[in-house]
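Just below is one structure, and these are the notes that go with it.
Note that the numbering runs from 1 along the sequence shown for the chain. This is a predicted model, so every value here is computed, not measured. Just the heavy atoms: all of them, side chains too, but no hydrogens, waters or symmetry mates, feed the values below.
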Amino acid sequence: MKALVARDYGPLEDLVVEEMPVPVPGPGQLLVRTEAAALNPADTALITGAMRDVLPVGHPFIPGVDTAGIVVAAGEGVTRFAVGDPVLAWNGIPSGTLAEFAIVGDGPGTGHRPAALDPVRAAALPTATLTGAALLDAAEVKPGGTLLIVGASGGIGSFLVQMAVQAGVRVLATGRAEDEEYLRGLGAHEFIDYRDAAVAAQTRRLVPGGVDAVIDLALAGPALAGSAAAVRSGGLVVSPKGGPDLFDGGVTGVYTGVTRPEGRLEGFATQAAEGRLQVPIAAEYPFADVRQAVIDFPRRHLLGKAIVVFPLIEAE
């Protein structure tokens, strides 16, 4: 099979597309023929070695954690899926979805794909929706409460805005000036141009006393103090990237990433298939251009997800 491969840690330009053996599913695993795969910031960090101290990978390494495809083989003990089933999956740090065939687990990170949900939109869901839902859970904002989302226009943020609005939360979303129409179209009640003035000051003009929580998708570490300044006393700063436990004003830091409660991914797939969840696709690349797509990914300001689309092939 053809796959995008990193032979060692290094710059994205060192990636190559080459022939690799088709993997064999073990117990509790599925072999999926890839129809589409999403790009995520974690992919590039794993390739370059930016995360090697906490998440080392073996080489040769095939990146990619999100996939949509068709089951072509099942390992021992698999009961929920059969050959021919369309699926979507979050594959986690083993990665491997930027290849014509990929192994995924028979667990809550893999779900049946509704007939009305095409592979491109399905591939966009796993990391972004599972992370967004986990962050929203951690923010603990009640219906009628207020939430500031920093970095709202990207892959995770685009879903998070919708989830929070559906939960009855008043959403303030940050982005570039040109992102305002897009974010309001996703349901954001207020828009803040983060390049125009201090986000915390703008937030407190809109919500005197501060918001109940902020979910910051852009910053990490001590830099989160700027976002914490937008939060009311006793509120929360939530991030997938890590930072201090406490901030000035009695604001607490909470850090989480992808979680996979049973049925959650399939629930989002159903919402997307029924049109209750928008799936913004910012860019589509044919697999022939996958290397350039990954090289370009960190440099582009994308409203939504970037997806690699695979040609139809048959298993050998």
Verify the neighbour count for atom CD of E76: are there more than 12 heavy atoms of other residues, nucleotides or ligands below 6.0 Å? no
Any chance the side chains of S227 and D216 put a donor and an acceptor closer than 3.5 Å? yes
Greater than 12 external heavy atoms within 6.0 Å of E181's CD: no
Smallest heavy-atom separation, I70 atom then R113 atom, equals CD1-NH2, 4.4 Å
d(I215 CD1, L148 CG) to nearest 0.5 Å is 9.5 Å
Pairwise distance CG(N91) to CD(Q29) - rounded to 0.5 angstrom: 9.0 Å
Determine the minimum heavy-atom distance between S158 and P280, stating which atoms define it. CB-CG, 4.0 Å
To the nearest 0.5 Å, what is the distance between CG on D137 and OG1 on T259? 6.5 Å
For the atom pair CD (E35) and CZ (F310), what is the distance rounded to the nearest 0.5 Å? 10.5 Å
Is there a side-chain contact between T270 and R276 (heavy atoms, below 4.5 Å)? yes
Got a sec: does the CG of D248 have more than 12 other heavy atoms crowding it under 6.0 Å? no
Salt bridge present between E190 and R205 (N-O < 4.0 angstrom): no
